[in-house]
2 protein chains.
Amino acid sequence: MYYQIMYIRFMNKSTLYKGCLEPIIMRLLKDNERMYGYQITQMVKEITKGELKITEGALYPLLHRLEGQGIVETEMENIGNRVRKYYTLTKVGKKQTTVALDELKTFMQSLNLIINPKPAF
Amino acid sequence: MYYQIMYIRFMNKSTLYKGCLEPIIMRLLKDNERMYGYQITQMVKEITKGELKITEGALYPLLHRLEGQGIVETEMENIGNRVRKYYTLTKVGKKQTTVALDELKTFMQSLNLIINPKPAF
DNA sequence: AAGCATACATAAATTCCTTATGTATTACCA
DNA sequence: TGGTAATACATAAGGAATTTATGTATGCTT
């Protein structure tokens, strides 16, 4: 029985993405159909070339909440001696995803208007 | 002495912009040099055509914190019988603003990579 | 054998915001 | 002239979304 320290800690630009995690996860599930938690963290890291990192402490409780809300459903799978928990969007979840992504896109456009204003000519 | 109800309440897509308020304010101060709190709320509303609205409960404590951190400095101005508190970026604040905006832009690009993935060709 | 990656999970603490409330002046309009 | 909305500041309580920290366990590599 090993008592190891988790060396990998997820952070950087921490406060910036409060509230965006849910739509990020829903987006990935929309495109990939079936994903497990760890896979989500890795995919986000890959896509953003290490810029965005999801902490487990944020991810797992969120996934559990989405399951409780009927947005995702799960199935366990045994990989050798290890267990993976796969998440899939439900029918309701797919609709919700569209809404959530539209909201996020609108928000990003608004933010862009402020941060990168167009010249007046 | 009137006991009035504040009818204007700021909200919508609430959770999405946690953490972005600080760079938003710094961005506006960078471009406009001298601004007062209420003016900031109005400008954000105008620029985003009503999409983003800043609550006073978020704005004022944040401005006070930025002042405490030496990022902005203030001067009071009397407009008739009313007082306005003008905020200006300090030298340190201007440097911090560049950093904060770079971080936010990088974050927005990362978010965009996930939400609006480019086709593979 | 040690350390890293994989894979899940939860609890405490923190941060950032909303909601609510308070005070006061000025403008409008019916 | 009286009520409402807009202007302009402020703070406190509460909530939601995260970080930080910790725990458990397997598998791979060196």
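The chains referred to below are lettered A, B, ... by the order of the sequence lines, with proteins before strands, and numbering in each begins at 1. Being a predicted model, the structure only gives us computed values, none of them experimental.
For the pair B:T55 and C:dT18, the criterion of a side-chain N or O lying under 4.0 Å from OP1 or OP2 is met. Remark: A:H64 is in phosphate contact with C:dT10, judged by side-chain N or O atoms under 4.0 Å from OP1 or OP2. Contact between the side-chain N/O atoms of A:R65 and the OP1/OP2 oxygens of D:dA17 is found at a separation under 4.0 Å. Taking only side-chain nitrogens and oxygens, B:K53 never comes nearer than 4.0 Å to OP1 or OP2 of C:dT18. Phosphate contact (OP1/OP2 of D:dT11, side-chain N/O of B:Y60, threshold under 4.0 Å): absent. Close to D:dA8, at under 4.0 Å from its OP1 or OP2, lies a side-chain N or O of B:R84.
Looking at A:L62, A:L63, A:T55 one by one, the single match for side chain to side chain contact (heavy atoms under 4.5 Å, CB included) with A:L59 turns out to be A:L63. Under the side chain to side chain contact (heavy atoms under 4.5 Å, CB included) test applied with B:V72, the options B:T90, B:L29, B:T88, B:I25 reduce to a single match, B:L29. Results of the side chain to side chain contact (heavy atoms under 4.5 Å, CB included) test with B:Q96 over B:M26, B:E22, B:Q69 single out B:M26 as the only residue that passes.
When side chains are defined from C-beta on, B:E77 does not count as touching B:R82, because their heavy atoms never get closer than 4.5 Å. Looking at heavy atoms from C-beta onward, A:K94 lies out of side-chain contact with A:K91 at the 4.5 angstrom threshold.
If you measure from atom CD of A:E67 to atom P of C:dT10, you get 11 Å, rounded to the nearest angstrom. Remark: P of C:dC8 and CD of A:Q42 are 11 Å apart, rounded to the nearest angstrom. Here the C1' atom of nucleotide C:dA7 and the OH atom of A:Y86 are 11 Å apart, to the nearest Å. Atom CG in A:L66 sits roughly 10 Å away from atom P in D:dA17 (whole-Å rounding). In this structure, the CD atom of A:E75 is 17 Å from the C1' atom of C:dC8, given to the nearest Å. One can place OH of B:Y38 at 12 Å from C1' of D:dC9, the figure rounded to the nearest angstrom. Distance, A:L63 CG to C:dA7 P: 15 Å, rounded to whole Å. Between the P atom of D:dT7 and the CE atom of B:M76 lies a distance of 19 Å, rounded to the nearest Å.
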Salt bridge (Lys or Arg N to Asp or Glu O under 4.0 Å) assessment of B:R34 paired with B:E75: CA-CA 10 Å; B:R34 214 172 93 94; B:E75 30 175 357; 2.9 Å; yes
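In terms of position along DNA chain D, the nucleotide closest to B:Y87 lies nearer the 5' end than the nucleotide closest to the other residue of the pair A:L59 and B:Y87. Along DNA chain C, the nucleotide nearest A:I79 and the nucleotide nearest A:P61 are compared for position; the residue whose nucleotide lies closer to the 5' end is A:I79. Both A:L62 and B:Q39 sit near DNA chain D, but only B:Q39 has its closest nucleotide nearer the 5' end.
Within 4.0 Å (heavy atoms only), A:G57 reaches at least one base atom of the nucleic acid.
Side chain of B:R82, nearest nucleotide from D:dA10, C:dT25, D:dA8: C:dT25. In the set C:dT6, C:dC8, C:dC17, the nucleotide with an atom closest to the side chain of B:A58 is C:dC17.
Contact of B:E56 with D:dC9 (side chain to base): a donor-acceptor pair of N or O atoms is detected under 3.5 Å.
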